[in-house]
Amino acid sequence: MKRLANNNKLLPFSFNSSSPVMPCLHDQSLALLQFKKTFSIRSNASSWDFPYPKPYPKAGSWKEDTDCCWWDGVTCDIDTGNVIGLNLSSSLLYGTIHSNNTLFFLPHLQKLDFSNNDFNRSQIVPQFGQFLNLSYLNLNHSVFEGRIPLEISYLSGLVSLDLSRNNYLILEATTFNELVHNLSQLRELDLSEVNMSLVAPSSLMNLSFSLTSLNLHSCSLEGKFPDISHLSVLVSLDLSDNYDLIQESTYFKKLDQNLTQLQELNLSGVNMSLVAPSSLMNLSSSLTSLKLSRSQLHGKFPDISHLSKLVSLVLSHNKFNGEIPSSFGNLKQLHTLSLRNNSLSGQIPSSLGSLKELTSLVLSYNKFNGEIPSSFENLKHLLFLDLSNNNLSGQISSSLGSLKELTSLVLSDNKFNGEIPSSFGNLKQLHNLRLRNNSLSGQIPSSFENLKHYLLLDLGNNNFSGQISSSLGKSLVYLDLSNNLLHGRIPSSIFKLVNLSVLILSSNKLIGEVSSAVCELNSLQILDLSNNSLNGSMPQCLGNFSNNLSVLHLGMNKFHGTILETFSVGSNLRYLNINGNQLQGRIPPSISNCINLEILDLGNNNIDDTFPHFLETLSKLQILILKSNKFHGLVKGTSANYSFPKLRIFDLSNNMFSGPLPAEYFNNFKAKMIVDLNMKYMGAPNHSSYDYSVSLTLKGLEIELVKIQTLLTSIDLSGNKFTGEIPQSIGKLKSLKLLNLSHNQLTGNIQPSLGNLSNLESLDVSSNLLVGRIPMQLTYLTFLEVFRVSHNQLEGPIPEGKQFNTFDSTSYEGNLRLCGLPLEKCDNGERKKPTTSKEDDSKSKNGFGWKTVLAGYGCGVIFGVAMGYVVFKTRKPTWFVRMVEGEGHRKPKRFSN
């Protein structure tokens, strides 16, 4: 008979392989052919996640008038011709198995494998319980959903049951209890990723003594870890990623004592905070794999060198402290060692260099210091080395260049200095080299051209100097040279890297024009050339050369001319930043084709246009910055509900907009009306290391946010010619943190509804024509740090209490009728009137006589004439504007909020 092919693991039983004697029974042949007709073959298999060898349609070879015992995936009984095995794993099947399917006309089945197909989220029908002869059932990763039928527990002869990786399956308590009660011969049970939240962990105490493999990974189990020490023949145990499962010290000791045959133990994600790290020193010496990451283990790192058979050791994302014992050098069989994200300190022991079988070594996110041990040159089989985010220092040893099997080398976020060893050019298998955030210097080695594989090269945030080499390797897919001291022009060779998906050259000293050849990089997803001295016109093709481009950052350069004129339909652009250039003209309406746009920053240019109302249709837009340009006219929003629903940052400051404030927009800023407590940073999709950035004025300081919290919401309409009253509708924007309406011509009262902005941290309405009193409702703003109402026509007492006790007189100056702390005391609710001096009327209270005043007037005339001439010649000198207009822009600062 033909063998039923194994899928991803060794099965407890394999199928005999010999020639059939009896031909396939006719009725079973018809049943199989009819079964085949109920399914289609997935045509888009290449886009589906097949974790196993390449799938192919096994049933495609089934033909009428041929012996079904010879069909691919079918196994028959030698004596009777009955079909006893059906292996259609990874066969690209797509469809539903209904209760009347002819599959159930095969009552003699002993082994059934439908793993890695797509059954279209259909239910497992009760008829599966009719296969009473089954010893092996595998429905792994087959897109079933719903409740697992009780009838599965009828299969009392099952030795192996695998229903794993069907995320929508639910196993109820009653069904599980029947299952563990009836399947007394079970040796392998895999229910990983099945929802078992309704099952009490204590039910596991009834599992069959014969179990050798138990996998309940990510099953939503919660409560106390059960006592399963009776499973004394268990070889593999995986209860990982059940984050609400609590392991107690007593039961863990029982596991240590009784599971003496255990070879694989994975409790990653289980709460083991009650287990002392020293307990690991009692684990069975038969262990070959130990995985306890994210388990809340804390305390001194244990000496587990007695586990000499270990091949894989993963203790990452815990709170171990202390040093790695030098006795780790005894774990000679180790292939994988990961201690990532703990608090380990001291030097990396040189004894790790004796682990010559290591293929993966991860010690990142700890507190190791000193240099990389020279003994690492002995790790000739090493494929992956990650020592990032430590305090390692000194020069990078050239001996690492002898590890010719390395595919990934990550040394970023340390204190390494000196140059990159030229021997790195020998690492011809390298796919990933990350050295960012160090103090490395010198030039980028030309030997990198020897690296032939697709390569991710990240050298950002160092002190590299010189020009960018024209020979960085032709297979680069990711290049980040940001925040260095590189100068000169961008070499044309970079625009020939046809596989390049990320190009980040920001914050260097690059000059010259950007060639239109950049648009030949059709795979490009991120292009960031910001903070350089690039000039000329921006290549117009950047607006429509590729639908792959999601990030375009050309800000803080010297580009002139017009904005990109054409943005194509279907554009995937999410982030467009050209802030801080010398661009003129108008905003092209075609930018509304970028329907995925999240951030648009056009600030600090010379754009002369009216407000671009067509941007309202960008339903995903979260940040719009048009500050410091020459925009003019009305900003009258539409009353439609679809305008700017996700907008969180709205900055039109320092333009020439006029008319009333856009109350219609305030009514539609839905994202500002909901307080979101889920804090994260905005960044490029599929590139977690790239954070979006924008330039904003926050609490009086002009800064560049190199990271943008999704919690940040602001409106800045300052420095325009807006008139009329402050709309009451602003009070709906409850998530608003920063509101700046200063330096306009607003009239009327300060709206009491502003007291509803419970998250407000900065409120600036200074330099307007506001009248009336400061509303008492503003005392409700307990987060308010900055409050400015200066240079208006306000009157009456200043509110007292809470945040208002922290503001100084500069918040209120220029309002002659305001009173109360920190100004003069109030007299019956009004400011005290100044007393008349008894001195001669020709002298003021300050002692200045009319002669002094006249002399000052004369000097003022001379100064005014002189400055008028300067203004006339230079149009509008920045320093003078800052002096006269008050809050001048300070030098931008970079930080993450």
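FYI, the numbering just counts along the sequence from 1.
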Chemist: Please determine which of Asn557, Val514, Leu583 meets the side-chain contact (heavy atoms from CB on, under 4.5 Å) test together with Met538.
Modeler: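 The residue from Asn557, Val514, Leu583 that satisfies side-chain contact (heavy atoms from CB on, under 4.5 Å) with Met538 turns out to be Leu583.
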Chemist: Taking it one step at a time, do Ser568 and Asn547 satisfy side-chain contact (heavy atoms from CB on, under 4.5 Å)?
Modeler: CA-CA 8 Å; Ser568 60; Asn547 288 342; 3.6 Å; yes
Chemist: Minimum heavy-atom separation for Phe567 to Ser590, with atom names?
Modeler: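 In this case the closest contact between Phe567 and Ser590 is N-OG, 3.0 Å.
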Chemist: Quick check: does any side chain N or O of Ser482 sit under 3.5 Å from a backbone N or O of Ile504, one acting as donor and the other as acceptor?
Modeler: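 Pair absent, no side-chain N/O of Ser482 close to backbone of Ile504.
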Chemist: Could you check whether any side-chain heavy atom of Leu794 comes within less than 4.5 Å of a side-chain heavy atom of Ile750, counting everything from C-beta outward?
Modeler: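 SC-SC contact between Leu794 and Ile750 confirmed.
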Chemist: Which pair of heavy atoms, one from Tyr812 and one from Ile774, lies closest together, and at what distance?
Modeler: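 What the structure gives for the nearest pair is CE2-CD1, 3.9 Å.
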Chemist: Taking all non-hydrogen atoms of both residues, which atom of Ile726 and which atom of Asn749 are closest, and how far apart?
Modeler: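 Heavy atoms only, the tightest pair is CD1-O, 4.5 Å.
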Chemist: Could you give me the CA-CA distance, side-chain angles and deciding distance for Leu746 and Leu661, then say whether side-chain contact (heavy atoms from CB on, under 4.5 Å) is met?
Modeler: CA-CA 9 Å; Leu746 301 175; Leu661 294 174; 4.0 Å; yes
Chemist: What distance separates Arg817 CZ from Gln793 CD, expressed to the nearest 0.5 Å?
Modeler: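 The CZ atom of Arg817 sits 10.0 Å away from the CD atom of Gln793.
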Chemist: What closest approach, in Å, do Leu564 and Pro588 show between heavy atoms, and which atom pair accounts for it?
Modeler: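 Looking at all heavy atoms of both residues, the closest pair is O-CG, 3.0 Å.
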Chemist: Does one side chain, of Asn756 or Lys734, offer a donor that lies under 3.5 Å from an acceptor on the other?
Modeler: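 Absent: no donor and acceptor within the cut-off.
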Chemist: In Å and rounded to the nearest 0.5 Å, what is the CG to CG distance from Leu505 to Leu510?
Modeler: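 Nearest 0.5 Å value for the CG-CG distance: 6.0 Å.
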Chemist: Just verifying a value: how many Å separate Phe631 CZ and Ile607 CD1, rounded to the nearest 0.5 Å?
Modeler: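 Reported value, rounded in 0.5 Å steps: 4.5 Å.
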Chemist: Can you establish whether the number of heavy atoms outside Gln728 located under 6.0 Å from its atom CD is more than 12?
Modeler: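 No, not enclosed.
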Chemist: Roughly how far apart are Met556 CE and Ser507 OG, rounded to 0.5 Å?
Modeler: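 The OG atom of Ser507 is 9.5 Å from CE of Met556, to the nearest 0.5 Å.
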Chemist: What I'd like to find out is whether the side chain of Leu823 reaches to under 4.5 Å of the side chain of Ser809, using heavy atoms alone.
Modeler: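 Yes, side chains in contact.
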Chemist: Look up atom CG in Leu626 and atom CG in Asp609, then write down how far apart they are to the nearest 0.5 Å.
Modeler: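 If I round to the nearest 0.5 Å, the distance is 9.5 Å.
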Chemist: Any donor and acceptor pair, going by atom type alone, linking the side chain of Thr713 with main-chain N or O of Ser735 inside 3.5 Å?
Modeler: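 Yes, the answer is positive, given that a donor and an acceptor are paired below the 3.5 Å cut-off.
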Chemist: For the residue pair Phe787 and Phe807, categorise the inter-ring angle as parallel (less than 30°), tilted (30 to 60°) or perpendicular (more than 60°).
Modeler: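 Aromatic pair Phe787/Phe807 classed tilted.
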Chemist: Checking the side chain of Asn744 only, and the main-chain atoms of Ser742 only, is there a donor and an acceptor separated by less than 3.5 Å?
Modeler: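 Yes, because the side chain of Asn744 sits within donor-acceptor range (under 3.5 Å) of the backbone of Ser742.
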Chemist: Looking only at non-hydrogen atoms, find the nearest pair between Gly555 and Asn581 and report the distance.
Modeler: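 That would be CA-ND2, 3.8 Å.
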Chemist: Identify whether the distance between the nearest side-chain nitrogen and carboxylate oxygen of Lys627 and Asp716 falls below 4.0 Å.
Modeler: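 Salt bridge absent between Lys627 and Asp716.
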Chemist: Could you check if a side-chain atom of Lys737 sits within less than 4.5 angstrom of a side-chain atom of Leu711, using non-hydrogen atoms only?
Modeler: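 In contact.
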Chemist: Is it the case that the side chain of Asn792 and the backbone of Asn768 share a donor-acceptor pair, with hydrogens and angles ignored and the cut-off at 3.5 Å?
Modeler: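 Yes; judged by distance alone, with no hydrogens or angles, the pair exists.
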Chemist: When the ring planes of Phe657 and Phe722 are compared, do they come out parallel, tilted or perpendicular, using 30° and 60° as the limits?
Modeler: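 Ring orientation, 0 to 90° scale: parallel.
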Chemist: Does one side chain, of Asn544 or Thr566, offer a donor that lies under 3.5 Å from an acceptor on the other?
Modeler: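 Absent: no donor and acceptor within the cut-off.
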Chemist: Between Lys672 and Arg648, is there a donor-acceptor pair closer than 3.5 Å when you use the side chain of the first and the backbone of the second?
Modeler: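 Side chain of Lys672 to backbone of Arg648: a pair is present.
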Chemist: Just wondering, more than 12 heavy atoms not from Glu800 lying within 6.0 Å of its CD?
Modeler: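 Counting neighbours around CD of Glu800, 12 or fewer heavy atoms of other residues, nucleotides or ligands fall under 6.0 Å, so no.
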Chemist: Determine whether a donor-acceptor pair (N or O, by modelled atom type, separation under 3.5 Å) exists between the side chain of Arg773 and the backbone of Pro797.
Modeler: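 Checked: no pair found.
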Chemist: Taking all atoms of both residues into account, what is the closest heavy-atom pair of Leu573 and Val551, and its distance?
Modeler: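 In terms of heavy atoms, the two residues are closest at CD1-N, 4.1 Å.
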Chemist: Under the 3.5 angstrom rule, does the side chain of Ser550 hit a backbone N or O of Gln525 as a donor-acceptor pair?
Modeler: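 Present.
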Chemist: Could you walk me through whether Asn483 and Asn437 satisfy the side-chain contact (heavy atoms from CB on, under 4.5 Å) test, starting with their C-alpha distance in whole Å, then the side-chain angles of each, then the deciding distance to 0.1 Å, before giving a yes or no?
Modeler: CA-CA 9 Å; Asn483 289 287; Asn437 288 331; over 6 Å; no
Chemist: If we only count heavy atoms from C-beta on, is the Glu824 to Cys819 side-chain gap below 4.5 Å?
Modeler: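 No. Closest side-chain heavy atoms not under 4.5 Å.
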Chemist: Please tell me whether Asn605 and Asn629 have a donor and an acceptor in their side chains that are separated by less than 3.5 angstrom.
Modeler: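 Absent: no donor and acceptor within the cut-off.
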Chemist: Determine yes or no for a side-chain-to-main-chain donor-acceptor pair under 3.5 angstrom, with Asn668 supplying the side chain and Pro645 the backbone.
Modeler: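 Judged by distance alone, no pair lies under 3.5 Å.
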Chemist: Going through the distances and angles, do Asp608 and Lys630 end up as a salt bridge (charged side-chain N to carboxylate O under 4.0 Å, His left out)?
Modeler: CA-CA 5 Å; Asp608 190 348; Lys630 297 179 181 179; over 6 Å; no
Chemist: Do Glu513 and Asn535 have side chains that get closer than 4.5 Å, going by heavy atoms?
Modeler: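 Counting from C-beta outward, Glu513 and Asn535 do come under 4.5 Å.
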Chemist: Output the distance between atom CG (Leu712) and atom NZ (Lys707), rounded to the nearest 0.5 Å.
Modeler: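 Answer for the CG-NZ pair, Leu712 versus Lys707, is 15.0 Å.
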Chemist: Do Leu821 and Phe804 come within less than 4.5 Å of each other through their side chains, counting heavy atoms only?
Modeler: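 They are not in side-chain contact.
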Chemist: Spell out, as yes or no, whether a donor-acceptor pair under 3.5 Å connects the side chain of Asn579 to the backbone of Val694.
Modeler: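 No, the answer is negative, given that no donor and acceptor are paired below the 3.5 Å cut-off.
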Chemist: side-chain contact (heavy atoms from CB on, under 4.5 Å) for His632 and Thr610? Distances and angles first, verdict last.
Modeler: CA-CA 5 Å; His632 52 85; Thr610 56; 3.7 Å; yes
Chemist: Are there over 12 heavy-atom neighbours, none belonging to Phe614, within less than 6.0 Å of that residue's CZ?
Modeler: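 Yes.
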Chemist: Quick one, Leu763 and Leu757 - any side-chain contact, counting heavy atoms below 4.5 Å?
Modeler: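 Leu763 vs Leu757: side chains apart.
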Chemist: If we only count heavy atoms from C-beta on, is the Val502 to Asp480 side-chain gap below 4.5 Å?
Modeler: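 The answer is no, as the side chains (C-beta and beyond) never meet within the 4.5 Å cut-off.
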Chemist: Tell me if a side-chain donor or acceptor on Lys721 pairs with a main-chain N or O of Asn655 at a distance below 3.5 Å.
Modeler: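 No.
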Chemist: What class does the angle between the rings of Phe611 and His613 fall in, given that below 30° is parallel, 30 to 60° is tilted and above 60° is perpendicular?
Modeler: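 Aromatic pair Phe611/His613 classed perpendicular.
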